[in-house]
Amino acid sequence: MTRPSGNRERIYAEASAWLARLQGPHRSAETEAALQEWLRADVAHQAAFERATELWDILPGAVAVGRPVVAPPVTRRRVLPYALAASLLAAIGAGVISYNGTFDHSPDALLSTERGQQRVTTLGDGSRVALNTDSHVTVRFARKERRILLSQGEVMFDVAHDAARPFIVNAGKEQIRALGTAFVVRKDGPEVRVTLLRGRVEVRRTGEEPELMAILQPGDRLSVGADDLPKLDRPSLETITAWQRGEILFSATPLSEAVAEVNRYGRLQVVVANPRLARLPISGVFSTEDTREFVAAVAQLHGLRVRREADRLLIS
């Protein structure tokens, strides 16, 4: 039987509340007993709780906090950090994140998302991948290696350890090699950015003379643009992974860059009509699903005007 969407959202909200209680300062044996009673009450409760925990397995900062959760069927799962539990479950309930379960790969199998869509998938080797908006990857698994080709977009990888089969991601001229780690790769045209969340990765330049560009440590980001010159920095990981919560974070970001980021998600495109406005600083947290909210906030902050033309919002 198909449950009404309202009931599903209510269950997700309840699961979120339980996760928050488990992470809160007042967790107790009574809390854990009540959780098990809630899980036994309905198979849908178990499914919602397990799905959220599976999704968190590929998110940054997933660590075991305090005592393990003793709740069937997720006794060995990790617990969601308190600050993200509610937002993650809300994203699932609202359909911001599409969860596709295990992906039984075949040669040259394609995974993709449309603009505004996100997708979480488990590969046949146990590795997890999360695709951000408008992303396209090809999965090529063989006996001696696991290879992913990222042609466009942004993908988070949580790699299952297998020393006998290295996990390799190709994005343009760059090749990322990992063994048991979590990282994000973003490819926008000729620009490639690799951010390491956990573990260790090597980034190499492919071609006739392969070149080791960097060995990243957790928190490092390597960016390579059209000029082929590598740049290493340490960005805010909360900003890098905000899309997993349906958010975009800006901190004194030039308006032109903020607009380009917002335009990745919505069919309604924002245009800065006056080039002199391009450098205006933008700070704040915005939804990936509400372009109008972003434009309204920018206009109010800087005293600008907004005009709509077909599928465009012009800021002047």
Side-chain angles (χ1 to χ4, degrees), residues 57-62 105 108-113 120-121 123 125-142 144-244 249 257 260-261 264:
D57 280 345
I58 73 166
L59 298 179
H105 55 80
D108 288 0
L110 177 67
L111 295 175
S112 64
T113 54
V120 176
T121 300
L123 303 182
D125 69 331
S127 297
R128 309 275 180 111
V129 296
L131 281 72
N132 198 2
T133 175
D134 195 15
S135 299
H136 307 274
V137 299
T138 301
V139 180
R140 293 179 179 173
F141 278 13
K144 294 186 178 181
E145 71 172 23
R146 298 166 291 170
R147 189 174 294 271
I148 304 288
L149 308 179
L150 173 61
S151 58
Q152 174 182 311
E154 184 174 21
V155 183
M156 178 183 291
F157 300 93
D158 187 2
V159 181
H161 181 74
D162 186 348
R165 287 201 306 163
F167 193 97
I168 300 169
V169 178
N170 285 91
K173 299 178 183 178
E174 279 59 60
Q175 177 176 285
I176 303 97
R177 182 185 179 102
L179 285 172
T181 187
F183 58 99
V184 179
V185 183
R186 177 169 171 175
K187 185 177 186 298
D188 297 313
E191 183 176 7
V192 175
R193 281 170 276 183
V194 183
T195 306
L196 182 61
L197 306 176
R198 185 185 72 245
R200 184 170 175 267
V201 298
E202 294 181 350
V203 183
R204 294 180 178 272
R205 171 67 50 78
T206 59
E208 295 181 0
E209 298 183 3
E211 172 190 358
L212 176 61
M213 303 183 69
I215 299 176
L216 301 185
Q217 301 299 320
D220 286 349
R221 175 175 65 183
L222 181 70
S223 303
V224 184
D227 57 7
D228 285 347
L229 296 178
K231 175 186 176 183
L232 190 65
D233 64 353
R234 295 180 64 83
S236 163
L237 295 185
E238 183 181 10
T239 299
I240 295 295
T241 59
W243 58 271
Q244 297 257 354
L249 274 62
E257 295 180 17
E261 189 68 18
R264 296 175 64 206

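For the single chain, residues carry numbers from 1 onward in sequence order. Here the structure is a predicted model, which is why all the values come from computation and not from measurement.
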Query raised in the report: By side chain to side chain donor-acceptor pair (under 3.5 Å), which residues pair with R177, not counting sequence neighbours?
Result: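 Side chain to side chain donor-acceptor pair (under 3.5 Å) check on R177 returns nothing, list empty.
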
Answer yes or no: is there a side-chain heavy-atom contact under 4.5 Å between [X] and [Y]?
X: T181; Y: R200; result: no
X: S223; Y: R193; result: yes
X: L111; Y: L123; result: yes
X: D220; Y: R234; result: yes

Any donor-acceptor N/O pair, [X] side chain to [Y] backbone, under 3.5 Å:
X: S135; Y: T133; value: yes
X: R165; Y: A142; value: yes
X: T113; Y: N132; value: yes
X: E154; Y: V184; value: no

Query raised in the report: Would V120 and R128 count as a side-chain contact (heavy atoms from CB on, under 4.5 Å) if you check the C-alpha gap in whole Å, the side-chain angles of each, and the deciding distance to 0.1 Å?
Result: CA-CA 7 Å; V120 176; R128 309 275 180 111; 5.7 Å; no

Show the nearest heavy-atom pair for residues [X] and [Y], with the distance to one decimal.
X: L196; Y: Q217; value: CD2-C, 3.3 Å
X: G172; Y: K187; value: N-CE, 3.5 Å
X: R146; Y: S127; value: NH1-OG, 3.7 Å
X: A160; Y: G126; value: CB-C, 3.8 Å

Query raised in the report: Considering residues at least two apart in sequence or located in another chain, which fulfil the salt bridge (Lys or Arg N to Asp or Glu O under 4.0 Å) criterion with E211?
Result: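 Result, salt bridge (Lys or Arg N to Asp or Glu O under 4.0 Å) vs E211: none returned.
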
Against [X], only a single residue in [options] fulfils side chain to side chain contact (heavy atoms under 4.5 Å, CB included); can you say which?
X: E174; options: L222, V194, V192, V169; answer: V192
X: M156; options: V129, L197, L131; answer: L197
X: V185; options: V155, I176, V203; answer: I176
X: F183; options: D158, T195, L216, V159; answer: V159

First locate atom [atom1] of [X], then atom [atom2] of [Y], and finally report the distance between them rounded to the nearest 0.5 Å.
X: M213; Y: L229; atom1: CE; atom2: CG; answer: 8.5 Å
X: D134; Y: Q152; atom1: CG; atom2: CD; answer: 4.5 Å
X: W243; Y: R186; atom1: CH2; atom2: CZ; answer: 10.5 Å
X: R147; Y: F167; atom1: CZ; atom2: CZ; answer: 11.0 Å

Report the residues that fulfil side chain to side chain contact (heavy atoms under 4.5 Å, CB included) with [X], sequence neighbours left out, ordered by chain and then residue number.
X: E238; value: S236, R245, L249
X: L212; value: E202, R204, I215
X: T138; value: D108, L110, R140, L149

Query - Contact list for residues 201-234, test ring-ring contact (aromatic ring centres under 6.0 Å, His included), sequence neighbours left out - result: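 As it turns out, there is no ring-ring contact (aromatic ring centres under 6.0 Å, His included) pair with a partner in residues 201-234 once direct neighbours are skipped.
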
